[in-house]
Asks: 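This structure is in structure tokens; I'll ask about it shortly.
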Amino acid sequence: MEIVLSTAIGILAASGIWLLMRPRTFQVIVGLCLLSYAVNLFIFSMGRLTVGAPPIMPKDGFVNPTAYADPLPQALVLTAIVISFATTALFLVVMIASRGMTGTDHVDGQEREQ
Amino acid sequence: MTIRPEHLMIAPILIPFIAGALMLLYDERQRRAKLGVGIASAVALLITAIELLNRAKDSTGLHFYLLGDWAAPFGIVLVLDRLSAMMLLLTALLAVPALIYSAAGWHKQGQHFQSLFQFLLMGLNGAFLTGDLFNLFVFFEVLLAASYGLLLHGSGQLRVRAGLHYIAVNLTASLLFLIGVSLIYGVTGTLNMAQLSQIIPNLPEVDRPLFHAGAALMGIAFLIKAGVWPMSFWLSTAYMAGAAPVAAMFAIMTKVGVYVVMRLSLLLFGAGAGASAGFGSEVLIAGGMATVAFGFLGVLASQGVGRMAAHLVLISSGTLLAVTGFALAGAGSAMLAGALYYLVSSTLATSALFLLIEPMSREEGGIAAMLALTADAYGLDDIEDDGKPEVGFAIPGTLTILGLCFGACLLVLAGLPPLSGFIGKFAILAAALDQDSVSPNLVWGFMVLLLVSGLATLIGMIRIGIRTFWATDSAAPKVLALEIAPVILLIGMILLLTFQAQHSIRYMEETARGLEHPATYTEGVMTAPRISDQPEEAE
């Protein structure tokens, strides 16, 4: 399971970074999205990988902590998802404004001289 | 439940939050009301910050606020110490002049200026107060999201392009921040800064490299915000493109990065950190010095005063980071105290300079033409409430006053006597010569760099000054009193800082000592009493 998850994170991050370096705004935003997926999965995996273990403990009685997943990274990842979703939406608006003002989707607002 | 005096600690976050949310209810045309609420909130923040500073000055200087009354490592804790109280005061001191300046017309150039400004203040104050790494991330995002909106304020092609780069760089930096935070959590199992500081000396040796990797990734995120070379290329374009009051407030944005680097590196990797002590000090010294070098080359190369001011910001944050590196390597608290004094004075001066840029480079047409131009670019057709431009009291002897203000900024930024810039640099250099834990070659290199950057600032700014004030043949620009008053206010604060140098340096020394001995901080956080555990007092 670890190898599958780490490969997935690695591929997402690598594609994200490659797209981030591209000159088109659309590629940049897709790159940012992929990168944030990789980061979210990474945060999630920092609570150690467990299968079939609920993150919430029952209220009363003694519980065995090893039978439960770490709830904190799950809470952190939720916050991170919401924030990156909102900032990506904001970035999209700026991109559209830039496209409208300059008539090109190059990140510098002008095509490179050939 | 009774309102206790310790609840004042949360006020710097709540005041701008409520004010900003309240303004969203007003229609965009009720600018006067919005401006009133904004300035009232900033003044309230100023009063709160002064009171908190007074509290931080008492014997221990540490106050804690347990959010939700959860005991320390489980809940989020707000910590007020001398450093955070000082930064809160500095934020409020910058906010009031910037808002007054915006009243001259800038707040009309786009929507929700006042709300975004308040949310920026909220994020800044939260970042200065929090004692939890993930909470720090959240406040960083609050202030960044507000700064994206503010940078685009006034619109126009230049701003949109600068904003696009600025947002992309900062989003990537935030992702690095998250990777660092989660690595640290994975290794140590906590995000509370004080508990981290206690855990680090006893970390198993197998985990230490992983922890260092997490801290380094997080450090890169803050260094990007502080504008360290080679991660600073976004900064000058973004700062130049921002509207004047926005750029004046952005003067403290790089200082947030510097503040976090200072706080975390001294807390986590200070002398008591065992095998991790001094981690990252070489990077900070080298990066800081490279930033100073890049900054002064940029100052010499830039033609416009806007780009020059942005590079002056770089010089200031580079100096501060290098001193933090020296302090981490054991150079002693006196050097750090000088740096803190320099931080306050240079932030005030750059903020004043950003407010001066626009009136200085204004052509004869005066503010009316400028406003018409930007309103046109923005596609605003709201001439209904100001068919005539804001008719304010235009000051006489414009060029003289502008020149005097510019001269004061120059003296502070170049570090010439008699103003506070000289005192700050002198304190840094005197302390640097006094210590013997860092190799003398490095110290001499730093000194030369600091002095040469002062000279470059002098040359660059005098060139601009001659061109603007002496070699001009056009009629003096028309400048409103509303635009010059904030600059004079900021310079007044610099003068106050200069005259009160003894008291402020003493305060900074105590701050630096507190930073160098984090044990009081960590123990204080971990033993902060819960309200519900305390016996109910007689009402």
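In the text below, chain A, chain B and the rest are named by the order of the sequence lines, each starting its count at 1.
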Asks: In terms of heavy-atom pairs under 4.5 Å with chain B, which of A:Val77, A:Thr87, A:Thr102, A:Ile83 leads?
Replies: A:Ile83
Asks: First locate atom CG of B:Leu144, then atom CG of B:Leu150, and finally report the distance between them rounded to the nearest 0.5 Å.
Replies: 11.5 Å
Asks: In terms of heavy-atom pairs under 4.5 Å, which option from B:Gly189, B:Ala168, B:Gly163, B:Ala145 contacts chain A the most?
Replies: B:Ala168
Asks: Contact part of B:Leu191 toward chain A, heavy-atom cut-off under 4.5 Å: side chain, backbone, both or neither?
Replies: side chain
Asks: Checking side chain to side chain contact (heavy atoms under 4.5 Å, CB included) for the pair B:Met193/B:Val77: CA distance, chi angles, key distance, verdict?
Replies: CA-CA 10 Å; B:Met193 296 180 196; B:Val77 58; over 6 Å; no
Asks: Tell me, out of A:Val93, A:Leu32, A:Thr25, who's got the most heavy-atom pairs with chain B below 4.5 Å.
Replies: A:Leu32
Asks: Which one of A:Val39, A:Leu90, A:Leu76 has the most heavy-atom pairs closer than 4.5 Å to chain B?
Replies: A:Leu76
Asks: Ignoring hydrogens and geometry, is there a side-chain-to-backbone donor-acceptor pair from A:Ser36 to A:Cys33 under 3.5 Å?
Replies: yes
Asks: Quick one: do A:Arg99 and A:Asp105 make a salt bridge, cutoff under 4.0 Å?
Replies: no
Asks: If you tally heavy-atom pairs under 4.5 Å against chain A, which of B:Val181, B:Thr172, B:Val142 wins?
Replies: B:Thr172
Asks: Going by distance alone, is a donor N or O of one side chain under 3.5 Å from an acceptor N or O of the other, for A:Thr50 and A:Tyr68?
Replies: no
Asks: Chain B: which of A:Asn40, A:Ile29, A:Thr88, A:Asp70 shares the most heavy-atom pairs with it under 4.5 Å?
Replies: A:Asp70
Asks: Taking it one step at a time, do B:Ser174 and B:Glu141 satisfy side chain to side chain donor-acceptor pair (under 3.5 Å)?
Replies: CA-CA 8 Å; B:Ser174 301; B:Glu141 287 305 310; 2.6 Å; yes
